[in-house]
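Report on the structure given below.
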Amino acid sequence: MSTMTMAKAINAGLRAGLAANPKTLLMGEDIGALGGVYRITEGLQAEFGTDRVVDTPLAESGIIGTAIGLALRGYRPVCEIQFDGFVFPGFNQITTQLAKMHSRSEGALSAPVVIRIPYGGGIGSIEHHSESPEALFAHTAGLRILAPSNPQDGYWMIQQAMQGKDPVIVFEPKRRYWLKGEVDTTAPSGDPYKAQILRAGTDATIVAYGPLVPVALAAAEAAAEDGRSIEVIDLRSISPIDFDTVTESVQRTGRLIVTHEAPTFGGIGGEIASRVAERAFLHLEAPVLRVGGFHMPYPVAAVEEHYLPDIDRLMDALDTVFSY
């Protein structure tokens, strides 16, 4: 076991993936000598060379398009998008080409491209640097989407993504890059597409992923002081979603809150709420509630704390579901 920040854990995971397969390469803006804006790729170009850790032009469409071509020729490119809001010039390549390549070729072709996207707010920045666009990609069939919330998952998920046959987007919660935790480098944390129950409870379930997992755990701790037992689930995978784990939890607790930084309108929480209503309607003691961002452009840094879901908003949601 080693104690690492999430940033160092992902760096170590990338290093392990590069060492394991000579066909793997990293691509992105300023990822070489600089090591990326968040230094996630620091030291990797010096270790593996400029042919395998490639500084690209500032052109996301070109990055993704080139990666698709490389993947079709047998390589395993891992692309870094510098900030979440910068991914949209490459959105067309991702959703109309990368996601559909396997289906379009009736299984003859695969494009195992990994796309790393630092996402979310809480860093004192502005729109285009604090977006949460995961639902836009989850709506597109053919993409796998992971969202680590801790260093252990950061270390292993990036490696598991690099080993698969499908295109994978890894949404990395940038405000948690400095979160420290224990990392077992000898054993993976299980199937990356299966949710994990981080805290057992009997009275209500909170489902979170990425940057809001620590907030959900803190809310559950605060609720325990009021005598309420809250189960916390780290979703981990946004596509596919492990509905079985969520449903089984709600069947035991009778109440569900889903939280994410992205706006609640059209968000992942709505899909989870609908599926739970279909699968566990007779077990619900209250409506499923969503706690998320507001349906507006990301605000200026001075007021972003009012936009981001926090413990108080989760506690208010718990009060509401317990009022039924």
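Values below: all heavy atoms of this structure, side chains included; hydrogens, waters and symmetry mates excluded. Bear in mind that the values here come from a model prediction, so they are computed numbers and not experimental data. Numbering starts at 1 and runs along the sequence shown.
Ring orientation note: the planes of Y209 and H260 are tilted relative to one another, at an angle of 30° to 60°. Ring geometry, F88 versus F91: the interplanar angle falls from 30° to 60°, so the pair is classed tilted. The aromatic rings of H295 and F265 are tilted relative to each other, their planes meeting at an angle between 30° and 60°. In this structure, F137 and F171 have tilted ring planes: the angle between them lies in the 30° to 60° band. Using cut-offs of 30° and 60° on the angle between ring planes, the pair Y177 and Y38 is tilted.
Contact record, T66 with G62: OG1-O, 2.7 Å, taken as the closest heavy-atom pair. Here the closest non-hydrogen pair linking A224 and R199 is CB-NH2, 3.6 Å. Closest heavy-atom contact between S237 and P192: CB-O, 3.7 Å. Shortest non-hydrogen contact noted between P77 and A67 is CG-O, 3.3 Å. Between K100 and T95 the shortest heavy-atom distance is NZ-O, 2.6 Å. The minimum heavy-atom distance linking I311 with A219 is given by the pair CG2-CA, 4.1 Å.
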Checklist entry - Please walk me through it: do S61 and N92 pass side chain to side chain contact (heavy atoms under 4.5 Å, CB included)? => result CA-CA 8 Å; S61 180; N92 180 51; over 6 Å; no
Next on the checklist: With salt bridge (Lys or Arg N to Asp or Glu O under 4.0 Å) as the criterion, how do R255 and E285 come out once you've worked through the C-alpha distance, each side chain's angles and the decisive distance to 0.1 Å?
Outcome noted: CA-CA 6 Å; R255 299 173 178 87; E285 301 290 341; 5.2 Å; no
Next on the checklist: Between R52 and L44, does the side chain to side chain contact (heavy atoms under 4.5 Å, CB included) criterion hold? Intermediate values first, please.
Outcome noted: CA-CA 9 Å; R52 298 192 62 199; L44 297 181; over 6 Å; no
Item to check | Worked check of side chain to side chain contact (heavy atoms under 4.5 Å, CB included) between I169 and I94 | outcome: CA-CA 10 Å; I169 298 177; I94 296 170; 4.3 Å; yes
Next on the checklist: Go through it in stages, so that I can follow the logic: the residues are M157 and V168, the test is side chain to side chain contact (heavy atoms under 4.5 Å, CB included), and I'd like the CA-CA distance, side-chain angles, deciding distance and then a yes or no.
Outcome noted: CA-CA 10 Å; M157 277 186 176; V168 183; over 6 Å; no
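Not a single donor-acceptor pair under 3.5 Å links the side chain of S149 to the backbone N or O of G210. At least one donor-acceptor pair closer than 3.5 Å links the side chain of T320 to the backbone N or O of D316. Side-chain N or O atoms of Q152 include none that pairs as donor or acceptor with a backbone N or O of A9 at under 3.5 Å. With E304 contributing its side chain and G122 its backbone, the two residues share a donor-acceptor pair below 3.5 Å. Put simply, the side chain of W156 never gets that close to the backbone of V183: no donor and acceptor are under 3.5 Å apart. The backbone N or O of L109 sits less than 3.5 Å from a side-chain atom of H102, completing a donor-acceptor pair. The backbone N or O of I40 lies less than 3.5 Å from a partner atom in the side chain of N11, making a donor-acceptor pair. Under a 3.5 Å cut-off, the side chain of R290 and the backbone N or O of T264 do form a donor-acceptor pair. A donor-acceptor pair is defined here as one N or O able to donate and one able to accept, closer than 3.5 Å; no such pair exists between the side chain of D203 and the backbone of I230. In this structure a side-chain-to-backbone donor-acceptor pair under 3.5 Å is missing from E261 to L308.
Side-chain contact between L98 and Q93 is absent, with no heavy atoms from C-beta onward closer than 4.5 Å. You'll find the side chain of H306 stays beyond 4.5 Å of the side chain of F294, heavy atoms only. The side-chain heavy atoms of R313 and T259, taken from C-beta on, include no pair separated by under 4.5 Å. Residues L146 and R144 fail the side-chain proximity criterion, which asks for heavy atoms closer than 4.5 Å. The closest side-chain heavy-atom distance from L318 to L314 is not below 4.5 Å. The shortest side-chain heavy-atom distance between T185 and M4 falls under the 4.5 Å cut-off. With contacts defined as side-chain heavy-atom distances shorter than 4.5 Å, the pair V213/N150 does not qualify. I241 places none of its side-chain heavy atoms less than 4.5 Å from the side chain of R275.
Y155 and I158 end up in different hydrophobic clusters when Ile, Leu, Val, Met, Phe, Trp and Tyr side chains are linked at under 4.5 Å. Taken together through direct or relayed side-chain contacts under 4.5 Å among Ile, Leu, Val, Met, Phe, Trp and Tyr, V250 and I233 form part of one hydrophobic cluster. Hydrophobic cluster membership is shared by V246 and V288, with clusters built from Ile, Leu, Val, Met, Phe, Trp and Tyr side chains linked at under 4.5 angstrom. Under a hydrophobic-cluster definition in which Ile, Leu, Val, Met, Phe, Trp and Tyr are linked whenever side-chain heavy atoms come within less than 4.5 Å, directly or via other members, I68 and L26 are assigned to the same cluster. Side-chain heavy atoms closer than 4.5 Å link hydrophobic residues (I, L, V, M, F, W, Y) into clusters, and following such links, even through other members, never connects L212 to V170.
One distance of note links NZ of K194 with CD of Q196; it measures 9.5 Å at 0.5 Å rounding. Separating the CG atom in L143 from the CD atom in E134 is a distance of 13.5 Å, to the nearest 0.5 Å. From E172, atom CD reaches atom CZ of R176 across 14.5 Å, with rounding to the nearest 0.5 Å. Here L25 contributes atom CG and L70 contributes atom CG; the two are 6.0 Å apart, rounded to the nearest 0.5 Å. To the nearest 0.5 Å, atom CG of residue L235 and atom CZ of residue F243 are 8.0 Å apart. Atoms CD1 and CD1, on I63 and I81 in that order, are 5.5 Å from each other to the nearest 0.5 Å.
For the residue pair E29 and T56, no side-chain donor N or O sits within less than 3.5 Å of a side-chain acceptor on the partner. A donor-acceptor pair shorter than 3.5 Å cannot be found between the side chains of Y298 and E131. Checked by atom type, the side-chain pair Q97/R104 shows a donor-acceptor distance below 3.5 Å. For S249 and E231, the side-chain atoms include at least one donor-acceptor pair closer than 3.5 Å. Looking only at atom types and distance, the side chain of T205 has a donor-acceptor partner in the side chain of T253 under 3.5 Å away.
Across M162, Q159, E80, a single residue satisfies side-chain contact (heavy atoms from CB on, under 4.5 Å) together with L14, and that is M162.
Between D242 and R236 there is no salt bridge, since none of the side-chain N atoms of the basic residue sits less than 4.0 Å from a carboxylate O of the acidic one.
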